[in-house]
Colleague: 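Sending over a structure as C-alpha cells; questions will come in a sec.
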Amino acid sequence: MPHHKATRLCLALASCLAFSSGALAQNSGSEAELLRRVEQLAVELNQLKAELARLQQKPAAAPLAAAQPAPAPNAAAAAETGPAAAPATVISGYAEINYNRPLKASQNAQADLRRAVLGYQHRFDDKTKVVTEIEVEHGVSSASDPGEVAIEQAYVEHQINPNYALRAGLFLMPVGLLNENHEPTNFYGVERNFVETAIIPSTWREGGFQLIANYDNGLSLQAGISTSFDLNKWDAASSEGRESPLGAIHQEMAQAKAHDLALFGAANWRGIPGLLLGASVFSGQATQKQSAIDARISLWDVHARWTPGRWDLSALYAKGTISNTASLNAPLVGGESLIPASFDGWYLQSAYKLWEHGSYRLTPFARWEQLNTARSFAELGQGLTPAAAPTERIITLGANFQLSEGVVFKADLQRFREAKDSDRFNLGVGWSF
Amino acid sequence: MRLHLLGGALALLAPSGAFAADYLTAEQAAKVLFPEAERLEARDWLLEPALQQQLIQLGAKPHAAHWHVQLAWRGKELLGVVVDDQVLGKFEQIGFAVGLAADGRIRGVEILAYRESHGGEIRLPAWRKQFVGKTQAAPLQVGEDIANISGATLSCSHVSDGVRRIVKLIALARQHGLLV
C-alpha cells in the first residue's frame, strides 16, 4: 500500500513541476523572479519528499516479539486498525430430533425430526434490521405427510434512539421463559416443558407492533398491539383444545382474522447478576365479529430464574381465561371438548452443572409440573356443564450433555400422575447456531 | 379504551436506559477505566506465532493476531493497560474493553458496542462488576465465578471468554517484559 501512495505522490510531483515550468516560461518577467520561483519549488519539493518518506516508513502494526517491545504508533493510526466489521447478513438455524418411547406401550415409540429451522438476520444499516425464521416440522411436509412448513418469525426492528427499539411484523410474544428462547440448547429435557406448551402455546407468535426498552436499573419492558386468537376455530369434536386451549385457536398470521386486536406487555428485571424476575400479560377479543358473541382471552404469567454458580433454578406460573364461554359452548354441548373458562399451570425446575471438560458439559436436572388445561367451565345448567379436567402432575428427570457450545444431547424420563400410560423415556439431539 | 391503555403503557417508558448502539470508543473506555491517567499510549500489536501458541496453550485461543492496546501512564508510572476486542454475541459483534491494573488485577470491563435484540443487560454495572479485582487465577467463566443473564447466555459466555483471553494475553506480555 505505501508503494501505491508513493507512486501517486511522484506523479503528482512531476505534474506540479511540469505545470510550474510552463507557467514560468509564460510569465517570468525578470531573472530575480525566476530565481524566487525556483527557490519556492525547491521548498515544496523538500516538503513532498518528507511526506513521501513518512508514508513509506509508517507500519500497519508492529510484530510483537518476546524480547522486542513494540514501537508505539500514534493513536489515530491505531484507531484505524480495528477488527473487521460484522457482515450485514447472518444465517442462523436450529433443529431438534427426538425419540419418545412410552414405557407401557412401547409399540407407540416414535422417532421424529421435530423441527428444523433456518433463519437469517439482515442489517440494512446501523439502526434497522430484519429477522426471519422458516420452520419445517416432522421431517416431510406434503398433503400425505404429517409435517408443516411455517414462518416462525418475520419482523423488522428499528432502533428509534439509544433507549428504544420498535419491532413490526410477525414476532414471538414476550411471555414466560421459553417462548422467545426456544432453541433446544436453551432448555432442559428432550421436550419443551408442558406448561409452556399447553398453557402458553409456544412457539407463540402474533403479528403487530412492539416497543422495546432497556433501562440502566436492569428493567426491560416490551409492550405492543397484535393480532389475537380466533375462537371460531375451536373444534369440539377434537381433543386438540384439551391438549392446549390456545394452541387450538392460534392464528400464526396465516390469513389471520384481524378484526379483534390484542394488547400485550412484559416486564423483566435483571438488576442482580444471575437473577431474572418477570411477568407478562396479554388480553384481546377473539371471536373476530364472526358471531354475535364477544369473548375476551387473557393470559398472564410470572416467572423467575436464578443461576448462582453451577445451579440453574427456575419457576413459572401461567394462567389463561376466556370470557363468555357459556354462550360459546351452548351449541357445542355433547362435544368431546368444550371451551374452558380458565386454564393454568406452574413448574419448578432445578439443574446443576455436574461435570465440565473443555466444551463438554453434563447438567442433570429435575422438573416438577402441574397443569390443568380445563381448570373450570362456565355454568351451562345441571347435567350439561362439563366437569373440570383433573390436574396433571408430571415429574421429569434427566440430563443435558453439551457436546459443543451449540450442540446438545438429551435424555430424560417422564412420569405422569394422571395419564399413567403416558410415562415415557426420551432421547434427543439438538443444535443451534 | 385500547388506545388509552396503550398510551398509558407508553408513558411509563421514561428514557433512562440504552439499547443496541455504539456506546464508547476504545479511547473513551480507557479514560473511564483509568481516570487518573495523564497520558494514554496506544500500541498496535501483531502477535508473533510463538506468542500466539503460548496463548493457546494457556487455554485462550486468540481469534486474530492483531491487538489494540492502550497503556495508561501517570508521569513515568505505568498505571495499567486497556485492551479492546470484539466477540460474537448471538448474531452480532459485541465490542468491549478490559482494563488491567499494573498488578494484573482487572480494573473494569466496558461494553463499547452492543447490537443484539436481547441481552443488553451485560452493560449493567452489576454484571460487569463481577470481573473487577480478578486475576488470571480466576475461572472468569459463566457458571463458575460469573453469573449468567437469562436470555443472554451467549453474550455473557462470549464476553467472559474474551475477558479471560485478554487477561492471559497481558499476563503473558508482562512475563516477557513487553509492557515497558
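Keep in mind that what you see is a predicted model, and the values were worked out from it rather than measured. Because only heavy atoms are used, hydrogens play no part in the values below, and waters and symmetry mates are left out as well, while side chains stay in. Below, read A as the first sequence line, B as the second, and so on, with proteins coming before strands; counting in each chain starts at 1.
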Colleague: Please look at A:Arg305 and chain B and tell me whether the side chain, the backbone, both or neither of the residue comes under 4.5 angstrom of a heavy atom of that chain.
Modeller: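 The answer is the side chain of A:Arg305.
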Colleague: If you count heavy-atom pairs under 4.5 Å with chain A, which of B:Gln70, B:Gln54, B:Glu121 comes out on top?
Modeller: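 Among B:Gln70, B:Gln54, B:Glu121, the one with the most close pairs to chain A is B:Glu121.
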Colleague: Which bit of B:Ala26 is near chain A, if near means a heavy-atom gap under 4.5 Å: side chain, backbone, both or neither?
Modeller: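 Looking at B:Ala26, nothing touches chain A.
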Colleague: Holding to ring pair (Phe, Tyr, Trp, His ring centres under 6.0 Å), I want the full list of residues that pass it with A:Tyr155, two or more places apart in sequence or in another chain.
Modeller: none
Colleague: Got a sec, which residues hit side chain to side chain contact (heavy atoms under 4.5 Å, CB included) with A:Lys289, two or more places apart in sequence or on another chain?
Modeller: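 For A:Lys289, the residues satisfying side chain to side chain contact (heavy atoms under 4.5 Å, CB included) (neighbours in sequence not counted) are A:His259, A:Asp294.
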Colleague: At a 4.5 Å cut-off on heavy atoms, which part of B:Leu172 comes close to chain A: side chain, backbone, both, or neither?
Modeller: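 The answer is neither part of B:Leu172.
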Colleague: Considering only heavy atoms, which portion of B:Gln141 lies under 4.5 Å from any heavy atom of chain A: side chain, backbone, both, or neither?
Modeller: side chain
Colleague: What class does the angle between the rings of A:Tyr352 and A:Trp311 fall in, given that below 30° is parallel, 30 to 60° is tilted and above 60° is perpendicular?
Modeller: tilted
Colleague: Establish, from distance only, whether the side-chain atoms of A:Ser202 and A:Asn179 form a donor-acceptor pair under 3.5 Å.
Modeller: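 Per modelled atom types, A:Ser202 and A:Asn179 side chains form a pair under 3.5 Å.
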Colleague: Look at the side chain of B:Trp67 and the backbone N and O of B:Arg43, then say whether any donor-acceptor pair between them is shorter than 3.5 Å.
Modeller: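 Checking the backbone N and O of B:Arg43 against the side chain of B:Trp67, no donor-acceptor pair under 3.5 Å is found.
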Colleague: Heavy-atom cut-off 4.5 Å, strictly under: side chain, backbone, both or neither for B:Ser150 against chain A?
Modeller: both
Colleague: Given that the side chain runs from C-beta out, which part of B:Glu144 has a heavy atom under 4.5 Å from chain A: side chain, backbone, both or neither?
Modeller: both
Colleague: Just by modelled atom types, is the B:Thr25 backbone N or O under 3.5 Å from a matching donor or acceptor in the B:Gln28 side chain?
Modeller: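 Flag set: sc B:Gln28 to bb B:Thr25 pair under 3.5 Å.
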Colleague: At a heavy-atom separation under 4.5 Å, does A:Lys127 approach chain B through its side chain, its backbone, both, or neither?
Modeller: neither
Colleague: Tell me, for B:Val142 versus chain A, whether the close heavy atoms (under 4.5 Å) come from the side chain, the backbone, both or neither.
Modeller: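 Contact with chain A involves the backbone of B:Val142 alone.
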Colleague: Select one option (side chain, backbone, both, neither) describing which atoms of B:Lys90 are under 4.5 Å from chain A's heavy atoms.
Modeller: side chain
Colleague: Kindly assign one of parallel, tilted or perpendicular to the pair A:His357 and A:Trp355, based on the angle between their ring planes and the thresholds 30° and 60°.
Modeller: parallel
